[in-house]
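Below, read A as the first sequence line, B as the second, and so on, with proteins coming before strands; counting in each chain starts at 1. All values below come from the heavy atoms of this structure, side chains included, with hydrogens, waters and symmetry mates left out.
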Protein chains: 2
Amino acid sequence: MIKTPILLNSAEAEIIRVLKKKHVISRTDILDFSGWSKAKVSQEVRSILDKGYLVEVEDGVSQGGRKPRMMRFNANLGYVVGIDLGATSVEVALADAVGTIVQRVAEPADVHQPAEEVFGRCTELILGLLDLQGCQIDQVLGIGVGVPGPVDFSRGVLVAPPLMPDWENFPIRSFFKKTFPTAFVVVDNDVNLMALGESRYGEALGVDHFLFVKIGTGIGGGIFSNGKIHRGNNGCAGDIGHICVDKNGPICRCGNRGCLEAMAAGPAIIQAGLQAVQNGESELLQQMIESNEGVLTPEMISSACREGDEAALRIIRASGQMIGDVLASLVNFFNPSHIFIGGGISNFGNHLLVAIRRAVLRRSLPLATTHLQINFSRIGSDVGIYGVLALVLDYLFVDEEKPFLSV
Amino acid sequence: MIKTPILLNSAEAEIIRVLKKKHVISRTDILDFSGWSKAKVSQEVRSILDKGYLVEVEDGVSQGGRKPRMMRFNANLGYVVGIDLGATSVEVALADAVGTIVQRVAEPADVHQPAEEVFGRCTELILGLLDLQGCQIDQVLGIGVGVPGPVDFSRGVLVAPPLMPDWENFPIRSFFKKTFPTAFVVVDNDVNLMALGESRYGEALGVDHFLFVKIGTGIGGGIFSNGKIHRGNNGCAGDIGHICVDKNGPICRCGNRGCLEAMAAGPAIIQAGLQAVQNGESELLQQMIESNEGVLTPEMISSACREGDEAALRIIRASGQMIGDVLASLVNFFNPSHIFIGGGISNFGNHLLVAIRRAVLRRSLPLATTHLQINFSRIGSDVGIYGVLALVLDYLFVDEEKPFLSV
DNA sequence: GTGCTTAGTTCACAAAATGAACAAAGTTAT
DNA sequence: ATAACTTTGTTCATTTTGTGAACTAAGCAC
């Protein structure tokens with residue numbers, strides 16, 4: 001069971017809840033939101049200011065009378081750490097208690113290494129950031145870890161992760177607790193966290209039902225249902241990369257044939273590009289490869305698309321169509337109002353998006369697509385780190401009666 | 001906006017919540033559940049008894065001391081009506097305020113008729129049941145309506161229903177309000193209600209994430225996520241019947257090609273059976289058809305399966321495999337812990353179930369199927385009517401602060 | 001019966017929330 | 001400038017709400 005780090009009584013929790021909607025609030029804001037009497041608001045605000053959770057900032061603008069005395073969350077209460085671990089890179093951010101990033105660092109990582117090593121390196125990176133910020137270890141209130149695999153959220157461990165099978169059951173929470181004993185540690189799947197980031201800081205703000213689709217080396221999905229992350233029974237909900245699109249397709253790393261991931265994700269696109277060059281279908285790509293030591297990258301295919309290279313366009317459109325066909329099924333099933341596309345491959349630009357949209361519209365029920373919007377995530381590559389910070393902050397200040405805030 | 005019929009203060013709502021877990025409770029039960037003091041429990045119980053929401057029943061068994069004075073919900077507060085409207089039949093049940101059915105009636109119905117006529121007939125049926133029970137119109141507290149199509153739940157109207165396009169935007173709520181002005185009316189999709197029934201009275205009790213799949217003339221799904229019905233953005237979530245299984249398949253009534261429903265539901269099975277007879281592949285089926293005026297029914301194929309008829313088995317297995325293939329994708333995506341199969345076709349018995357299970361296990365990620373259970377709904381054909389009654393009762397006695405109980 | 005256990009009530013008291021009066025700090029019209 | 005009004009926030013006596021502890025009620029076990 002996760003131990004909650006900072007317990008709030010229900011009145012304090014109510015104020016924190018207001019703070020999650022408006023970042024700077026007056027006593028009158030709390031009055032309106034909570035339905036409390038002026039007297040109670042006054043008293044509770046004094047109490048929470050005394051405890052140091054809130055601090056006063058400069059007065060707001062007058063609405064025709066006395067200026068409101070604005071307050072915000074006390075950013076100096078401590079720091080939170082967000083770790084966004086991808087298949088090939090890791091990003092670590094140090095943020096204040098409001099979630100504003102004050103220090104960050106990214107570097108390549110290899111999840112095929114043992115978990116001890118990778119998380120050990122994360123620990124070093126955190127310590128480095130703390131040092132830069134001049135911050136003590138016991139000032140770290142919480143650490144959030146996003147990992148590229150299925151997570152048993154309540155236990156905080158990976159379960160049967162295809163990318164790094166050896167990490168199964170590695171005790172991530174206690175590993176970080178060793179170095180940061182005062183910190184509270186949460187672990188979640190990286191795509192869930194991207195969805196959370198989008199729902200807090202992106203266009204999914206206030207959206208109840210949406211999907212976040214990450215297209216990169218693999219393809220993953222994050223699901224929001226009724227305003228909350230849907231993690232499923234084993235924490236592996238959203239794993240759309242291994243949905244079958246062609247029973248006779250190539251063998252996927254999961255062992256099955258014709259998985260979406262094996263046919264439409266980064267490696268498959270590269271493979272198709274190389275094949276096209278071999279077949280002499282694209283002189284442009286051939287030149288690009290030759291001037292890059294024989295290596296083809298997604299960025300190169302992307303730029304070939306922009307140049308109007310037919311072979312590159314065909315590959316991207318085919319990929320988009322396969323992804324769109326799968327999404328069409330999921331749209332019928334789940335009826336989201338938005339689908340956000342993110343991840344490394346998403347910068348292929350409009351060709352990919354148009355192909356996805358077209359496939360979804362063609363194969364979904366009209367009703368399900370009536371108000372459906374399919375777009376790239378505008379936040380970009382930071383969505384994951386924002387999401388993981390949001391998750392930590394959600395769980396950091398928690399009502400004593402409801403230890404697990406809805407996410 | 002739905003107007004709530006009976007407002008409870010938060011203390012009363014708390015007690016009602018206890019009642020939804022245990023149907024007969026003592027003051028001590030409330031004490032344990034609510035965390036209130038003995039004094040408050042005593043006082044609140046007296047108040048709620050005075051209001052008539054609870055009534056005392058005979059004492060419970062002693063736990064080694066004084067026998068607890070048990071209470072239950074006052075069944076005589078009034079009546080609720082559940083209407084389960086299928087494509088070809090309608091069932092109306094009259095239940096007391098606890099949800100115990102006291103009168104019920106079923107008859108054929110035709111949703112191709114105008115909505116006025118069908119719901120008018122429902123009204124007559126309700127009035128008949130009220131008469132039988134000796135109950136006045138103003139004793140009807142609530143009416144729940146389950147309809148076979150996508151429902152905008154908050155407005156209580158059908159949206160683009162494929163089966164009965166003319167019913168779109170028919171004001172079901174106000175139609176019943178005309179005859180039953182005191183009643184509170186909720187409308188929902190029939191499969192959502194079957195899922196709700198399963199989650200309240202079936203094996204899905206306490207299950208957070210599950211799917212209910214109805215196989216009949218069409219194929220539909222009801223989704224539970226985080227313990228609540230997931231209705232989606234347009235109320236059409238769960239529409240798995242029109243997921244594409246074969247791009248070159250037959251044209252579905254929705255206009256697309258190769259929908260699951262067009263290939264694996266009742267009519268497709270009948271069609272395949274007729275084809276098999278034409279091809280001379282099944283003497284048994286041929287005899288059956290001849291002795292039934294040339295008509296082939298699902299029940300006949302079912303019994304042919306039991307007799308071991310190869311052609312019938314092949315048809316059922318193929319249908320199960322297609323359904324299973326689609327479910328495999330949804331299992332990867334949604335990661336439910338249970339899938340319940342119900343509806344008219346589900347009595348095809350184990351051959352269908354085995355084929356579905358095999359296809360799901362073969363195509364889903366091992367992690368997603370680790371604790372997955374796929375079974376027929378044991379409640380059987382009553383699950384819909386139980387679900388609709390549960391929905392009405394959920395919305396009938398509502399906390400003043402939270403008008404919309406989670407479902 | 002006697003002592004123990006569970007169930008439920010009563011009531012004096014304590015804690016929590018409120019309304020109304022009041023204070024503070026503005027804006028606007030004259 | 002200043003009087004009148006607005007919005008914001010505090011204080012405090014009063015009311016409302018909830019509690020602990022003592023008490024009644026009713027059973028069980030020996």
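A salt bridge links A:Asp394 with A:Arg200: the closest approach of a Lys/Arg side-chain nitrogen to an acidic carboxylate oxygen falls below 4.0 angstrom.
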### Task
Please assess A:Asn192 against A:Phe153 for the test side-chain contact (heavy atoms from CB on, under 4.5 Å), listing each intermediate value before the final yes or no.
CA-CA 11 Å; A:Asn192 284 346; A:Phe153 185 70; over 6 Å; no
### Task
Apply the test side-chain contact (heavy atoms from CB on, under 4.5 Å) to residues B:Lys20 and B:Arg17: give CA-CA distance (whole Å), side-chain angles for both, the deciding distance (0.1 Å), then the verdict.
CA-CA 5 Å; B:Lys20 283 185 176 165; B:Arg17 228 164 283 140; 5.7 Å; no
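Going from atom CE of A:Met71 over to atom P of D:dT8 covers 12 Å, rounded to whole Å. Atom pair B:Trp36:CH2 and C:dA15:P shows a separation of 22 Å (rounding to whole Å applied). We find that CE of B:Met70 is positioned 13 Å from C1' of C:dT6, with the value rounded to whole Å. Atom CZ in A:Arg46 sits roughly 13 Å away from atom P in D:dG9 (whole-Å rounding). The distance between atom CG of B:Asn9 and atom C1' of D:dT17, rounded to the nearest whole Å, is 12 Å. Here the P atom of nucleotide C:dT10 and the CZ atom of B:Arg27 are 10 Å apart, to the nearest Å. As a whole-Å value, the separation of B:Lys40 NZ from C:dT9 C1' is 16 Å. For the pair B:Gln43 CD and C:dT9 C1', the interatomic distance rounds to 12 Å; values are reported in whole Å.
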## Note on the structure
Quick tally for nucleotides 19-30 of chain C: nucleotides whose base has a protein heavy atom under 4.0 Å get B, sugar-phosphate-only ones S, the rest -, giving B----BBBS---
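For residues 61-77 of chain A, every residue pair satisfying the salt bridge (Lys or Arg N to Asp or Glu O under 4.0 Å) rule, not counting sequence neighbours, is listed here: A:Glu56-A:Arg69.
Rounding to the nearest 0.5 Å gives a distance of 9.5 Å between CZ of B:Arg378 and CZ of B:Phe340.
Residues passing the side chain to side chain donor-acceptor pair (under 3.5 Å) test with A:Asp382, sequence neighbours excluded: A:Arg104.
Residue A:Thr28 places none of its side-chain N or O atoms closer than 4.0 Å to OP1 or OP2 of D:dT7.
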